[in-house]
Amino acid sequence: MKKLLLVLLGILISLTASYAQNENPEFHGYIQSRFTYNDGNSSSFMIRRAKLWLDGKAPMADNITYKMQVVYRSANDENFYLQDAFADIKWNFGFLRVGKFVPNFTLQRMQSDAFIPVLERANVINNLIHGDKTSAREIGVEGNFDLLSSNLKLSLGIFNGNQKVPGSNISNDLLYTTKISYDILKNKDELINIGASFGYRFLDNQTLSKIFSSSENITGNDYRYGFQTEIKLSKFDFQSEFVNANIIKKNAWGYYAYAGYYLNDDFQLLAQIEKFKDLNPTSNDNEWYLVGLNYYFTQKNKLLTDYKTQFNGDGNINIAEIQYQIFFN
């Protein structure tokens, strides 16, 4: 961890010395501290995420920006590790992204965990996105296009299709993704958006532990698609997605939907339902119901609380969580 932070600090110092004042790179970051009570079986404090990133403009090129991000999670990691490393080449109607980043495939996975109103993304999003072994990140190139006065957005990406972690692609098979979305309504305070996404790759003797049994090796076609709806009207928020993965002619699928209502500028009530059906014969259907109350000191610094339950034949599973998030620049 010390070595990585020293490297980032060295990059910052060298770039600051070389760039003009309006091109200085900037450090950003936030910490999410969480307490979880799991149905009386366990209680724990954790650092859910601690992120640091450096971004800025390339020297002498105002249309090229970059970002490098590291993350630490106390339940998963011993140290910070590199999560994002990419450059954006901007043009009048979009940008080209190159490096390691999240492919533009689902809506919620493209939304920063620092700004979504729930403590965690839905299981269907975490489990059916590509890059299940690489924190949802893939290495490749992606073009993003703003059309029809930016109301219509189109994304086309090509990535490693059979990534060895750590390592490079282990075959000539690549991952192809595309996403299209349209703003039916968009102004300062209101938004109605719909969209659809599609991804394909040929799997070459790969394991998909979040969908199949962890011991099962998969070879064959992997088709995935999804649909999204996002609505923001005054104090009301609604968002929903359905995602399906057809892998070797077997379907894993799921959905989520949440609705939020701002009682005032600070407090938000939230309710969510989600379901995920995998292809592991030993697992149960994953269906959760959630209610929450959020308090916003600002949109960046906030306190989130929720209570969720899962009904099954062995008795309900109940989880209560509270999370405090603080940003720093």
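No hydrogens, no waters, no symmetry mates; every other heavy atom, side chains included, goes into these values. The structure displayed is predicted, hence computed values, not measured ones.
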Item to check | Separation of Q69 CD from D84 CG (nearest 0.5 Å) | outcome: 4.5 Å
Next on the checklist: Between I31 and Y72, is there shared hydrophobic-cluster membership here, with clusters defined by ILVMFWY side-chain heavy atoms closer than 4.5 Å?
Outcome noted: yes
Checklist outcome for this item: d(K179 NZ, N104 CG) to nearest 0.5 Å is 4.5 Å
Item to check | Test of ring centre spacing under 6.0 Å for Y261 and F236 | outcome: no
Checklist outcome for this item: Rounded to the nearest 0.5 Å, the CD1 atom of I47 sits from the CG atom of D77 at a distance of 12.0 Å
Next on the checklist: Show, in sequence, the C-alpha distance, side-chain angles and deciding distance for T207 and S209, and conclude whether the side-chain hydrogen bond (donor to acceptor under 3.5 Å, both in side chains) test is met.
Outcome noted: CA-CA 6 Å; T207 58; S209 59; 6.0 Å; no
Next on the checklist: Hydrophobic clusters here meaning ILVMFWY residues chained together by side-chain heavy-atom distances under 4.5 Å, can you tell me if I248 and L128 are in one?
Outcome noted: yes
Next on the checklist: Quick check for you: to the nearest 0.5 Å, what is the distance between K308 atom NZ and L119 atom CG?
Outcome noted: 8.0 Å
Checklist entry - Between OH of Y30 and CZ of F328, what distance do you get to the nearest 0.5 Å? => result 10.5 Å
Checklist entry - Got a donor-acceptor contact below 3.5 angstrom from the T177 side chain to the G199 backbone? => result no
Next on the checklist: Checking N193 against Q228 for the side-chain hydrogen bond (donor to acceptor under 3.5 Å, both in side chains) test, could you report, in this order, the C-alpha distance in whole Å, the side-chain angles of both residues, the deciding distance, and whether it holds?
Outcome noted: CA-CA 8 Å; N193 173 275; Q228 68 180 51; 2.8 Å; yes
Next on the checklist: Walk me through whether N244 and N251 qualify under side-chain hydrogen bond (donor to acceptor under 3.5 Å, both in side chains).
Outcome noted: CA-CA 7 Å; N244 187 89; N251 285 300; 3.0 Å; yes
Item to check | N264 atom CG, over 12 foreign heavy atoms within 6.0 Å | outcome: yes
Checklist entry - Linking Ile, Leu, Val, Met, Phe, Trp and Tyr by side-chain heavy atoms under 4.5 Å, what else ends up with V102? => result M110
Next on the checklist: Does N316 form a side chain to side chain contact (heavy atoms under 4.5 Å, CB included) with F311? I'd like the steps, not just the answer.
Outcome noted: CA-CA 5 Å; N316 298 352; F311 303 110; 3.2 Å; yes
Next on the checklist: Rounded to the nearest 0.5 Å, what separates atom CD1 in I218 from atom CD1 in I211?
Outcome noted: 9.0 Å
Checklist entry - Under 6.0 Å between the ring centres of Y37 and F35? => result no
Checklist entry - I116 and R121: side chain to side chain contact (heavy atoms under 4.5 Å, CB included), yes or no, with the steps? => result CA-CA 8 Å; I116 59 176; R121 297 182 179 92; 3.8 Å; yes
Checklist entry - Using the ring of each side chain (for Trp, its six-membered ring), is F327 parallel, tilted or perpendicular to W53, with breaks at 30° and 60°? => result perpendicular
Next on the checklist: Under the rule for ring pair (Phe, Tyr, Trp, His ring centres under 6.0 Å), what residues qualify as partners of Y256, not counting sequence neighbours?
Outcome noted: none
Checklist entry - Can we call the ring centroids of F198 and Y225 under 6.0 Å apart? => result no
Checklist entry - Checking R49 side chain against V71 main chain: does a donor-acceptor pair fall under 3.5 Å? => result no
Checklist entry - Is the backbone of A114 close enough, under 3.5 Å, to the side chain of K302 for a donor and an acceptor to pair up by distance? => result yes
Item to check | Within residues 139-197 or reaching into it, pairs that qualify as ring-ring contact (aromatic ring centres under 6.0 Å, His included) - sequence neighbours excluded | outcome: W91-F145, F101-F159
Item to check | Backbone N/O of A122 and side chain of Q108: donor-acceptor pair under 3.5 Å | outcome: yes
Item to check | Worked check of side-chain hydrogen bond (donor to acceptor under 3.5 Å, both in side chains) between N144 and E142 | outcome: CA-CA 7 Å; N144 292 271; E142 182 180 85; 3.2 Å; yes
